[in-house]
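Remarks on the structure that follows.
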Amino acid sequence: MPAYLIENDKKITTATVRVMKASGEKIAMLTAYDFTMATLLDRAGVDIVLVGDSAANTMAGYATTLPITLDEMVVYARGVVRGVKRAMVVVDMPFGSYQASPEEGVRSAVRLMKETGCDAVKLEGGREHLETVRRIVAAGIPVVGHLGLMPQSVHAYGGYGLRAKGGAEAERLLEDARLLEDAGCFALVLEKIPATLAAEATAALSIPTIGIGAGAATDGQVLVLQDMLGMNDAFRPKFLRTYADLGAQVTDAANRYVADVKQRAFPTAAESY
Ligand code: KIV
C-alpha cells in the first residue's frame with residue numbers, strides 16, 4: 001500500500017494532546033536527538049519527542065543553546081523522525097532562525113517540516129513573536145510556545161535562575177501565555193517557574209502546558225534525555241529526577257572493553273570468523 005494511504009490511528013497528533021488535556025491524562029515528553037534513542041522512547045510510550053535545541057549542549061558540547069544552526073537541527077530531527085512511529089515529533093527552532101522577522105520564521109519552520117518530516121515546531125518567546133507564530137500556524141504548521149526560562153535569552157538574563165518569581169514578570173508570563181494561545185499555539189512549554197504560577201497558567205489555558213522545573217500541576221512534563229538518564233554529573237538541579245545511572249554504566253562498559261582489548265581477552269575464537 002502506498003505510504004500516503006496508511007492511516008496510523010495510534011499516532012499522537014495535536015488533536016490527541018487536546019483530548020489528553022481535556023481528559024486529565026498527563027503528557028510525557030522527552031528530548032531525543034538521534035534515531036536509536038528515538039526508537040527506544042517511542043517503544044516506551046513517550047507521547048512527544050522533542051528535538052530540543054538542547055542538542056547544542058548534549059550533542060555538540062556548547063555552553064549555551066545559541067550556536068546550534070538550523071542545518072544541524074535538520075540532521076538531528078531526521079534521525080528522530082525515522083525512529084518514531086507513535087510519538088509526535090516537535091523540533092526546536094534554533095536561535096537566529098526566527099528572531100529577525102516573521103518571514104524568516106515561516107521559512108525556517110517550513111524547512112524543518114519539509115526536510116525532516118516532523119509534526120510541529122517550538123519557539124521561545126511571547127508577545128514579541130506573536131506575528132511569527134500566527135504566520136507559521138497560518139502556513140499549516142503546528143507550533144508549541146515556550147515561556148519562563150528561555151535558554152536562548154541566557155545572556156539577557158545573566159544566568160539560568162528561576163524566572164517569573166512574582167510581580168511584573170509573573171503577570172507578563174500569564175499574559176504571554178494567553179496571547180500565544182490566541183495566536184494559535186497548540187501547547188506551551190513552561191520552564192523553571194514557580195509551581196503556583198505554572199498552575200495558574202495551566203488553569204487559564206485551554207491548550208496543554210508542559211513543564212520542566214514548573215511543578216506538578218502542568219498538563220505534562222518534559223526532561224532532557226541525557227539528564228534524566230544520569231549521563232551528566234555536572235547538572236543535577238532540584239527539578240531533575242534521574243531514572244538511570246547511564247553515565248556510570250557507559251564508563252564502566254567502556255572501561256571493561258579497554259581492559260579486555262589490552263589483555264587480549266577480546267575477541268575470543270568464538271567471536272572470530
Ligand atoms: O531544548 C530543549 O531541550 C527544551 C526543553 C528543555 C523544553 O527546550
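Note that ligands are numbered from 1 as they come in the structure, with each ligand's atoms numbered from 1 the same way. The shown structure was predicted, so the numbers you read here are calculated from the model rather than taken from an experiment. Note that these values count all heavy atoms, side chains included, but never hydrogens, waters or copies made by symmetry.
- Of all protein heavy atoms, the one lying nearest to atom 5 (C) of ligand 1 is Leu50 CD2, 3.7 Å.
- The distance from ligand 1 to the heavy atoms of Gly52 drops below 4.0 Å at these ligand atoms: 1 (O), 2 (C), 3 (O).
- Nearest heavy-atom pair, Val46 versus Arg86, reported as atom, atom and distance to 0.1 Å: O-NH1, 3.3 Å.
- Heavy atoms of Asp53 found under 4.0 angstrom from ligand 1 belong to the backbone as well as the side chain.
- At a heavy-atom distance under 4.0 Å, only side-chain atoms of Val224, from C-beta outward, approach ligand 1.
- Residues satisfying the side chain to side chain contact (heavy atoms under 4.5 Å, CB included) criterion with Tyr157, sequence neighbours excluded, are Leu149, Met150, Ser153, Arg163.
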Do Thr39 and Thr36 pass the side chain to side chain donor-acceptor pair (under 3.5 Å) test, and can you show the C-alpha distance, the side-chain angles, and the key distance before you say yes or no? CA-CA 5 Å; Thr39 306; Thr36 306; over 6 Å; no
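- Within the structure, ligand 1 has His146 among the residues with a heavy atom less than 4.0 angstrom away.
- Note on Asp252 versus Arg256: salt bridge recorded, some NZ/NE/NH1/NH2 to OD/OE distance being below 4.0 Å.
- Looking at heavy atoms from C-beta onward, Met73 lies in side-chain contact with Ile68 at the 4.5 angstrom threshold.
- Residues Gly184 and Val137 come closest through the heavy atom pair O-CG2, 3.7 Å.
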Scan the side chains in residues 224-244 for donor-acceptor partners under 3.5 Å anywhere in the protein, sequence neighbours excluded, and list what turns up.
{"residue": "Asn232", "atom": "OD1", "partner": "Ala234", "partner atom": "N", "Å": "3.3"}
{"residue": "Asp233", "atom": "OD1", "partner": "Arg236", "partner atom": "NH2", "Å": "3.4"}

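- Checked against a 3.5 angstrom limit, the closest N/O atoms of Asp92 and ligand 1 fall inside it.
- Closest protein heavy atom to atom 6 (C) of ligand 1: Ile212 CD1, 3.8 Å.
- Residue Ser54 has at least one nitrogen or oxygen atom sitting less than 3.5 Å from a nitrogen or oxygen atom of ligand 1, judged on distance alone.
- Under a 3.5 Å cut-off, the side chain of Asp42 and the backbone N or O of Lys85 do form a donor-acceptor pair.
- The shortest N or O to N or O distance between Glu191 and ligand 1 is not under 3.5 Å.
- Proximity to Thr31 (heavy-atom distance under 4.0 Å) selects the following atoms of ligand 1: 3 (O).
- Closest to atom 8 (O) of ligand 1 among all protein heavy atoms lies Lys122 NZ, 2.9 Å.
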